[in-house]
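What follows is a single structure, written as C-alpha cells, with notes after it.
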Amino acid sequence: MSFRFMRISTNILKIKETLPKEVTLVAVSKTKPVSDILEVYQTGHRDFGENKVQELVAKQQDLPKDIRWHMIGHLQRNKVKYIAPFIHLIHAVDSLRLLKEINKQALKNNRIIHCLLQIKIASEETKFGLTQNEVAALLSSEELKTLHNIRIIGLMGMATFTKDTKQIESEFCRLKAIFDNLKHITFENCSLQELSMGMSNDYPIAVSCGSTMVRIGSSIFGARACSLE
Ligand SMILES: *Cc1c(COP(=O)(O)O)cnc(C)c1O
C-alpha cells in the first residue's frame, strides 16, 4: 500500500465523518488519473464527478460499471449524446434547449436522466446559471412537461471564490431560499429534492445552509496540477 493511497483514502474517510448521513458526497476526480479514482472506489465510494465530457467518457470506459457518474461542469448540447447512455446526474443545466436535448438522447437510450438546474448565486461574471426569475419561468413552461425522459430533481450553485465567509454564507442561504420557494412546484418530471452546493473550501458553510450534495475534489485527491476548470 503506497503512502499516496493512505493519504487519499484517509482524506475521503475523514470528510465523510464530518458530513451528516443524508448529505451525498460527490468525489470530484477531474484531471486525476484512473488509479486515484480506483483507490477511492476501494473505500466503497461510488459517486464521482467530472466536468469535461471527453474525460468523463474515457474514465467511464476504464472503470467499474457500478460507479455513479456526475457531470458537474457546463454541458454543451452537441456533447449530451456521449454521456446519455450512462450518466447518473447532470448538475449544471441552465436552459430549456439543453433539457430538450438531454430528453432526446435519454429517449434514444431508453433511459430517464436526472438533472439539476444551475442557479447563479456568485457575484463573478463568468459563472453560468439561471436567475431566480429565469428558473421560475422555466419551471412553469408547458413544454417542459412534455419531456418525459428527464427528471428535474433539484438545484445546483457555486458561491463566489472568496475568503469572505459571510458572503459565501449569504449566497448559499439565498440558494436554499430559492430552493424552498420552488419546492411546492411538482409535476410528473419535476420534484426538487437535491441541493448541490459546496466544494473543498466552502462545503461546511454549504452544509450548514442546507446542502444535500457536496462536490469535493482537491480536499480528497490533492491540488490539481493546473486549473483546467
Ligand atoms: C472542480 C469543481 C468542484 C470541486 O472543486 P474543489 O475545490 O477541488 O473541491 C466542484 N464543483 C464544480 C462545478 C467543479 O468544477
Side-chain angles (χ1 to χ4, degrees), residues 4 7-19 23-33 36-37 39-40 45 47-59 67-76 79-80 83 87-95 98 114-130 153-165 167-169 171-172 175-176 179 194-229:
R4 197 177 48 121
R7 183 169 54 75
I8 294 175
S9 58
T10 303
N11 289 345
I12 190 161
L13 294 174
K14 275 193 182 151
I15 290 169
K16 279 188 168 173
E17 271 174 27
T18 71
L19 288 174
V23 173
T24 302
L25 169 61
V26 178
V28 176
S29 48
K30 61 190 185 196
T31 80
K32 298 296 176 180
D36 283 6
I37 299 175
E39 289 168 6
V40 169
H45 194 76
D47 288 276
F48 291 89
E50 290 282 337
N51 70 338
K52 296 267 193 300
V53 167
Q54 205 180 350
E55 188 176 345
L56 174 54
V57 169
K59 285 174 175 172
I67 288 180
R68 294 185 288 267
W69 288 104
H70 297 247
M71 175 60 192
I72 62 169
H74 182 69
L75 178 59
Q76 289 171 284
K79 293 190 176 161
V80 174
I83 62 171
I87 199 73
H88 176 67
L89 179 62
I90 300 176
H91 285 239
V93 179
D94 63 0
S95 73
L98 179 56
H114 289 183
C115 301
L116 306 178
L117 298 176
Q118 183 173 3
I119 310 298
K120 183 184 154 66
I121 52 170
S123 60
E124 292 132 347
E125 275 307 317
T126 54
K127 297 271 158 72
F128 296 99
L130 301 159
I153 64 159
L155 304 180
M156 175 267 202
M158 288 167 85
T160 302
F161 186 72
T162 174
K163 287 197 160 63
D164 182 349
T165 55
Q167 182 180 352
I168 295 170
E169 184 177 17
E171 290 174 358
F172 282 148
L175 180 53
K176 172 69 158 94
F179 177 77
E194 299 289 348
L195 186 52
S196 168
M197 56 184 197
M199 308 175 23
S200 291
N201 292 325
D202 57 21
Y203 76 89
I205 305 173
V207 169
S208 75
C209 292
S211 171
T212 69
M213 204 174 253
V214 292
R215 312 175 307 270
I216 300 179
S218 44
S219 289
I220 296 171
F221 294 101
R224 289 177 290 276
C226 56
S227 182
L228 295 173
E229 63 262 55

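Each ligand, and each atom within it, is numbered from 1 in the order the structure gives.
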For [X], the ligand 1 atoms whose distance to one of its heavy atoms is below 4.0 Å:
X	result
G217	4 (C), 6 (P), 8 (O), 9 (O)
R215	4 (C), 9 (O), 10 (C), 11 (N), 12 (C), 13 (C)
I216	9 (O)

N201 to ligand 1: N or O pair under 3.5 Å? no
N or O contact, K30 vs ligand 1, cut-off under 3.5 Å: yes
Heavy-atom proximity to atom 12 (C) of ligand 1 ranks first, among I72, N51, V26, for I72
Test side-chain contact (heavy atoms from CB on, under 4.5 Å), reference L117, set V93, I90, I153, output is V93
Task: Test item: side-chain donor near acceptor, E39 and S9, under 3.5 Å - done: no
- prompt: Are T212 and E194 close enough that a side-chain donor and a side-chain acceptor fall under 3.5 Å?
  reply: yes
Of all heavy-atom pairs linking L195 and G210, the shortest is CD2-O, 3.8 Å
Q.
H114 vs H88, test: ring pair (Phe, Tyr, Trp, His ring centres under 6.0 Å). Steps then yes/no.
A. CA-CA 7 Å; H114 289 183; H88 176 67; 7.0 Å; no
With heavy atoms and a 4.0 Å threshold, my read on which part of H91 contacts ligand 1 is neither
Taken in chain and number order and not counting sequence neighbours, the residues that satisfy salt bridge (charged side-chain N to carboxylate O under 4.0 Å, His left out) with D94 are none
